[in-house]
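All values reported here derive from a predicted model rather than from experimental measurement. Chain letters run A, B, ... following the sequence lines, proteins first and then strands; every chain starts at 1.
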There are 2 protein chains.
Amino acid sequence: MAEDVSRRQALAGGSEARESFHSVRLEIGLSRQPTIKDVASKAEVSFKTVSRVLNGEPHVRKEVRERVLAAAAALDYRPNIAARGLIGGRSRLIGFLYDNPNYSYVTEAEIGALLRCREAGYHLAVEPVDSRGDVPRQIEQIISSLRLDGVILTPPISDDPGALAVLDRLGVAHVRIAPEAGRDKGPCVFIDDEAAAFALTRHLIGLGHSTIGFVQGHPDHGASHLRQAGFERAMAQAGLTTRPAHMVQGYFTFESGMSAGRALLDAPDRPTAVFAANDKMALGVMAAARELGLSAPEQISIAGFDDTRAAQISSPQLTTVRQPVDIMCQAAADMLITLAANEALDDPALQLPFEIRARGSTAAPAAEPQSV
Amino acid sequence: MAEDVSRRQALAGGSEARESFHSVRLEIGLSRQPTIKDVASKAEVSFKTVSRVLNGEPHVRKEVRERVLAAAAALDYRPNIAARGLIGGRSRLIGFLYDNPNYSYVTEAEIGALLRCREAGYHLAVEPVDSRGDVPRQIEQIISSLRLDGVILTPPISDDPGALAVLDRLGVAHVRIAPEAGRDKGPCVFIDDEAAAFALTRHLIGLGHSTIGFVQGHPDHGASHLRQAGFERAMAQAGLTTRPAHMVQGYFTFESGMSAGRALLDAPDRPTAVFAANDKMALGVMAAARELGLSAPEQISIAGFDDTRAAQISSPQLTTVRQPVDIMCQAAADMLITLAANEALDDPALQLPFEIRARGSTAAPAAEPQSV
DNA sequence: TTCGAATCTGACAACGTTATCTGATCAGCC
DNA sequence: GGCTGATCAGATAACGTTGTCAGATTCGAA
């Protein structure tokens, strides 16, 4: 076959040969990607006109526009993202920056962002950032090598001042997910963590609990402090006191929740309920309870925060706060795409609603006050 | 400020104005990305020489090479990936294709691939593919819009014939993770699912179980069949029979595991152990057991497959098979990067070792035969 | 020295797209 | 019918890099 083609070239002369060679390739359906010029010659217009049509620019007659569109569809043309990125500076890539992949919301967050990106013809480059290292430097490397149009920052990077500074300096659009502070300083998406923790604590109090333990989240995450504040406000409002021994530091991991659970539950004055600042730690508390022979919810009520998948498949299922991480990141991607098109945002600080999910891990405390 | 600049341009003449404007920008340290030409002028060589140095090409004097390297480092130069992709066809992007983001291995897999990519200066574009839709078309869209250098296919896409066909047609390198068949037909990474299931079943038999239920995996996943085959071989080898009622269809989800668990355990002749083809279903079985008032491992032993994070944080912890998904994908990324450099692979079909993780969810059956 | 070969360096084209400018067409108006 | 402005289309130049080829330099040997 290659022989056949070269013979044709030898027979015909000069550019005519090239032309015919070219159309042969197209006829054969060679897997070369069609370019904008292929579309142009098929539609019998200049390639610039094709570009105009494809980018929705004005000043193209309806008839020509339709001819171009038909040609593009027939050739199954798709623009070369590299060439676009080279000229326009827009890469149509959005970065998804996260720190610890074990944070359970990461998968859900990623999916939300992914869906929205795909709808808009964007793609997602997932990039881990080690928040113990030099965050600004890592971010600068990622940005400058991929020329990202924008980045989504997940906790705890969303509260890293260096990260925000470098993004501002580079002029890269960014949306923060669930930042603790500075919600007026640039686009972000969040739920009201304080109010959510308040509501969940009210739920526990409403069940009849008065001695409630709290497992604090990772101190680097802004949400940790907000959740604790909500818990404390609900307790104070109900006239309940929180003993210092019932506030235990955790780090958003299962293991930290487990040791916190041991500390809280393996003591003479143990609480009748424990509220952990995320689901993983709540499951850790549950494991500790099981280890100590306490069954939930009969002897100990346990509540978490986030409503991750793990909360739904534990036994008993975990009472928790639903944080719509996927929708939050979908909104974040949306905002970035809007910004990339140089349009203004309706609302740069978007607050989404949470929901209390009361499940099997919480119940009224045992009628008899526990004596240990 | 814009006014100021235009005034300068108006005062000076033509290209000279442009030049001075340019150097002003550099002096100010504007955040424009340095290009290869900036490096060239700083090192006082042509930009082509810089390109040569940066790509490790020969024919550059050591002294010049060092000068260029120093200039590049001083300017913190990083090449524009779009321009590179445009000319070379190489995008330095690797696609990570998966179907259902709920498959628990996805996160782990992604991290493995990510780590290796970053080391090699590559990036990862994560792309979901709906395997109920037109898989080849979706893949073609992703490839042609991003010009990926290669793709990693996770189950069940790794067994989709259409996916492989389109990748071959487009000439895009691909590595399959855990394919069922065709391990000689192109690069892939896998563990011996059959042997692993065999070993885990032996473990259960070794504990004293003789009536063992099995929850089958999603029929579209090749691994499902291999795992079942391993289970059946171990049973047959031990002279044990498997009742049809003890083989239940599942779909790799928690819910399917739960209903399978109900079917298996809520019957007069229930097995003393259940082996589910993945961890999620095993946790579903565990939830069903709890629902029925059966405690694991005292009254029912439960085992899974994959050793996902959820297996480690359940109570009791799940006995399972460790499949090193992260390392598998790391290897896959490695293979793709090797292929992108036009080098040959040492071993296109890479088999990695598995490990049995015996944990709290399995134990010897109750001494007295269970009477229900 | 002088020549040839090896080594090094640079000018220029190319990749596929968008942006800018300039030219062509056409309708409406005097 | 000629002028004006609006609308449309195309030619050409970027974007930042790598590939090609030709020119310059160096070095060793005659």
Should we count CG of B/Asp130 as having more than 12 external heavy atoms under 6.0 Å?
yes

Return yes when atom CD of A/Glu44 has more than 12 non-hydrogen atoms of other residues, nucleotides or ligands closer than 6.0 Å, and no otherwise.
no

So if I take residues 44-55 of chain A and measure heavy-atom distances to DNA chain D, which residues fall below 4.0 Å?
A/Val45, A/Ser46, A/Phe47, A/Lys48, A/Thr49, A/Arg52

Atom CD of B/Glu57 and atom C1' of D/dT20 are separated, to the nearest Å, by 12 Å

Please determine, for the side chain of B/Thr35, which listed nucleotide (C/dT18, D/dT17, C/dT9) has the closest atom?
D/dT17

Closest to side chain of B/Val64, choosing from C/dT17, D/dT17, C/dT9:
C/dT9

Any donor and acceptor pair, going by atom type alone, linking the side chain of A/Asp149 with main-chain N or O of A/Ile94 inside 3.5 Å?
no

So for the helix from C/dT1-D/dA30 to C/dC30-D/dG1, with five pairs setting each end axis, what is the inter-axis angle to 10°?
60°

So which heavy atom on B/Ile152 is nearest to which on B/Ala113, and how close?
CD1-CB, 3.8 Å

From NE2 of B/His59 across to P of D/dC21 the rounded distance in Å is 15 Å

The single option from A/Asp334, A/Leu153, A/Leu345, A/Val189 passing side-chain contact (heavy atoms from CB on, under 4.5 Å) against A/Val175:
A/Val189

Under 4.0 Å between a side-chain nitrogen and a carboxylate oxygen: does that hold for B/Glu140 and B/Arg137?
no

Take atom NZ of A/Lys62 and atom P of C/dC26, then tell me their distance rounded to the nearest Å.
19 Å

Rounded to the nearest Å, what distance is computed from the CZ atom of residue B/Arg65 to the P atom of nucleotide C/dC8?
9 Å

Nearest-angstrom distance from the residue atom CG of A/Asn80 to C1' of C/dA14
13 Å

First of B/Arg61 and B/Pro79 reached from the 5' end of DNA chain D, by closest nucleotide
B/Pro79

As a test of reading the structure: which of D/dC15, D/dT17, C/dT17 is closest to the side chain of B/Lys37, going by heavy atoms?
D/dT17

Do A/Leu54 and A/Tyr77 pass the side-chain contact (heavy atoms from CB on, under 4.5 Å) test, and can you show the C-alpha distance, the side-chain angles, and the key distance before you say yes or no?
CA-CA 10 Å; A/Leu54 265 26; A/Tyr77 166 79; 3.3 Å; yes

B/Asp38 atom CG is separated from D/dT17 atom C1', nearest whole Å, by 13 Å

Count the heavy atoms of every other residue, nucleotide or ligand shown that sit under 6.0 Å from CD of B/Glu57, and state whether that count exceeds 12.
yes

Nearest-neighbour nucleotide for the A/Ile87 side chain, C/dT9, D/dA14, C/dC15 considered
D/dA14

Taken to the nearest whole Å, CD1/B/Ile36 to C1'/C/dA14 is 15 Å

For atom CG of B/Asp346, is the number of surrounding heavy atoms from other residues, nucleotides or ligands below 6.0 Å larger than 12?
no

Using whole Å, what does the distance between atom P of nucleotide C/dT17 and atom CD1 of A/Ile81 come to?
12 Å

Ranking C/dG16, D/dG19, D/dT17 by distance to the side chain of B/Tyr77, first place goes to D/dT17

